[in-house]
There are 4 protein chains.
Amino acid sequence: MKRDRASDGKAELILNAAIAVFAEYGYHKAKMAKIAEVAGVSAGSIYLYYKNKASLLSHIFEMTWEMMIAITSDLTRRRDLTPPEKLDLMVDQHFDLFHLETELARVLVNEHYTWCQLAEARFNACLERYFADIDSLLGEGQRTGIFNPHIAAVTFRHVLFGGMRRLLEVWAGSPDALPIGRIRQDFKVLLKRGVLLP
Amino acid sequence: MKRDRASDGKAELILNAAIAVFAEYGYHKAKMAKIAEVAGVSAGSIYLYYKNKASLLSHIFEMTWEMMIAITSDLTRRRDLTPPEKLDLMVDQHFDLFHLETELARVLVNEHYTWCQLAEARFNACLERYFADIDSLLGEGQRTGIFNPHIAAVTFRHVLFGGMRRLLEVWAGSPDALPIGRIRQDFKVLLKRGVLLP
Amino acid sequence: MKRDRASDGKAELILNAAIAVFAEYGYHKAKMAKIAEVAGVSAGSIYLYYKNKASLLSHIFEMTWEMMIAITSDLTRRRDLTPPEKLDLMVDQHFDLFHLETELARVLVNEHYTWCQLAEARFNACLERYFADIDSLLGEGQRTGIFNPHIAAVTFRHVLFGGMRRLLEVWAGSPDALPIGRIRQDFKVLLKRGVLLP
Amino acid sequence: MKRDRASDGKAELILNAAIAVFAEYGYHKAKMAKIAEVAGVSAGSIYLYYKNKASLLSHIFEMTWEMMIAITSDLTRRRDLTPPEKLDLMVDQHFDLFHLETELARVLVNEHYTWCQLAEARFNACLERYFADIDSLLGEGQRTGIFNPHIAAVTFRHVLFGGMRRLLEVWAGSPDALPIGRIRQDFKVLLKRGVLLP
DNA sequence: AATGAATGAGAATTCATTCAT
DNA sequence: TATGAATGAATTCTCATTCAT
């Protein structure tokens, strides 16, 4: 489930180097030569494992989206949790996913648009599956009378995604400056209860 | 409040062309020659008004942030509105700001990170002022017992910003596909009441 | 004989500005806009008086070469001086010419090659007349048995020119650092007597 | 002592191409693409060996100045020669250095000022060492009563340098038009004896 | 004559990608 | 597989010069 940074595979090695370099410089300023250097291979070797620079980014995103989709997919199918509990767990698992992967989080939030431009088709496929799960979570809550039935799925979906992305963005920018534990609790409360006192 | 796209000023003309081209291609794929063509001036003329490509983006962001800061700044100072009313109005005014400026919205959400990399100092100055106002809005609500006092300003700030940014991002990507009126209502409800029924 | 820096003529004004700017930045880094600024006219106005940037340099060189040729021409024709006295006077008058015109001296020594490239024909015309006078001075001395008859004119000509140019180059680079009076005396001695004691 | 133009090293190949192109067009009109073409490599390859156009010129000058300094440095230290003999040898060796390197000579004399502007620090270091040696040569002759003690080092230094530079300049401009052997003899005589007969 | 905004040709440089070894 | 030297396309920015006013 988690990327094995100590893997012996060259492909893995290179991908991890790409994550580190993209995180530090951003995709457009990142140089293939620097990625090769960090990975400890030659520049030419990258192309034995990845088609080009863009495909490095694609792999990073797809790998991560698979993990994120796995989380939401498992969650929404569970029968032992109420929708609010599922919501809480989803948020927690997302934060856990990136907790030790600051660099990955940085690439994910900063290069989201770059990725969209690269690979619109695949990008849509990932997001659709992801959002379908969130929608079903919301729908379940609305059908059972726990969630506000007036809130459109499209809104909920993007506020959840956008809020979480922003929190990760800020945290990943300076991981030690933010109380990540506190923030995720607040986020869960906000999502469920809003800012108004009842 | 709205940029005058028919302005006689060359600088305005060029900036609007830059917005259009950045919106269509993204900053990195946008060519100065294309911006010049859209603006109806020669490539060299751009440099009479803007130092370089980066400064075009900076101007776009600073112009827009000034407008956004003006909104929040005015709002938070008003004495005729309760904090929840201020929150609603703020969201509405932000959506209004971009309602007819799809391209500007696209640049703003898609190139946020590009801008951060360009001009970290100015970027921080804008965001700090903006977030300070949001914090004061939250603080006012918490002091008067209307808002949940347990929610940290940092969380609220970024969920509000991140949620609104994501909604704008999706809407600006295909403006006709989304019921923008519905979405903003839902967003206001979510922020205030959360997804749970009381 | 000497450039009138307080002249009312725009052409003069512009040429003096060009001298100052070429002296400071060198011909290739000098900008027409800067010359216009220093001259207190608009960039476009320069072109009312001079065909282009190159012609500014040409005018500077030709003006100066006329003065230098006037010196040598007058000198060599004089019947009241012996050849060694003429030589001394020529050196003195050249130094006098540039004594108060550091900037002109700088342009002359630094942009010599630039000028050659621009205007080979005119360049040759100037130098030929100049060198012809020096040759005649040498020839007169050699015929009258005062100067060493074994020294070829071509050598003498260029050593005189090259030595004087180098001294001016160093002096014009930092006018206060060099004892210009001492240097010109030494130069005259070297030319006439050489470095060896008799 | 002589640059090996048939060297296998790409760096050497490129530098020689740069010398040829700088000699033909002058530094400012020389195009990197032309240098690449002459060297038989691609334009991008130049940048594998040299940081930029300016560094090509710097390398040329520093390489040559090292050779010139080597000549003077060795000479001045020799105990088997009198000062006048050293002077003669120095002139001869300088002429020998450039005898088969017309293009190098052209670059050296024509782009001297360009180089000064590029790299003032290194430029000074080279010239200082060079002039120090010439000064010591003069000083030795003056102390031993062979050379005229009234001639300042600064004058001698620059007349020697300036005279030789000018002779090279003229010769390198049209190598076949000048009797280089005759010229160097005359120059040595002029330096030592002057133009006057004793 | 004077202006100075506008032009646009021109060139250095970068860097992802290839391919001979 | 692995290398890394070589490639060359691609693009920003500069600045001398022009010309409508």
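Values below: all heavy atoms of this structure, side chains included; hydrogens, waters and symmetry mates excluded.
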* Asked: Is any side-chain N or O of A:Ser42 closer than 4.0 Å to OP1 or OP2 of F:dA2?
  -> no

* Carboxylate-amine/guanidinium contact B:Glu37 B:Lys34, below 4.0 Å -> yes

* To do: Establish, with yes or no, whether the OP1 or OP2 oxygen of E:dA2 is under 4.0 angstrom from a side-chain nitrogen or oxygen of C:Tyr49.
  => yes

* Asked: Closest nucleotide of DNA chain F for B:Lys31 versus for D:Gly44: which of these residues is on the 5' side?
  -> D:Gly44

* Asked: Given atom CG of A:Leu118 and atom C1' of E:dA16, what is their separation to the nearest angstrom?
  -> 14 Å

* To do: Whole angstrom is fine here: how far is it from NZ in D:Lys10 over to C1' in F:dG4?
  => 12 Å

* Asked: Within this structure, what is the CD-to-P distance between A:Glu37 and F:dA5, rounded to whole angstrom?
  -> 14 Å

* Structure fact -> Any stem touching DNA chain E, meaning at least three consecutive Watson-Crick or G-U pairs under 3.5 Å, ordered by first number, would be E:2-21 with F:2-21

* To the nearest Å, give me how far apart OH (A:Tyr50) and P (E:dA16) are. => 17 Å

* **Separation of A:Arg165 CZ from A:Asn110 CG (nearest 0.5 Å)** => 10.0 Å

* For C:Ala43 and for D:Leu48, locate the closest nucleotide of DNA chain F by heavy-atom distance; then report the residue assigned to the nucleotide nearer the 5' terminus. => D:Leu48

* Look at the aromatic rings of A:Tyr27 and A:Phe22 and report parallel, tilted or perpendicular, splitting at 30° and 60°. => tilted

* **Rounded interatomic separation in angstrom, taking CD1 from B:Ile46 and P from F:dT14** => 12 Å

* Just by modelled atom types, is the D:Cys126 backbone N or O under 3.5 Å from a matching donor or acceptor in the D:Glu62 side chain? -> no

* Would you find a donor on one side and an acceptor on the other, under 3.5 Å apart, between the side chain of A:Ser45 and the backbone of A:Val41? -> no

* Asked: Under 30°, 30 to 60°, or over 60°: which ring-plane class applies to A:His28 and B:His28, parallel, tilted or perpendicular?
  -> parallel

* Structure fact -> Ranking A:Lys53 and B:Ser45 by the position along DNA chain E of their nearest nucleotide, the one closer to 5' is B:Ser45

* Asked: Heavy atoms under 4.0 Å, any strand shown: does C:Ala30 hit a base, just sugar-phosphate, or nothing?
  -> sugar-phosphate

* Might you point out which heavy atoms bring A:Ala11 and A:Tyr49 nearest each other, and give the distance in Å? => CB-CD2, 3.9 Å

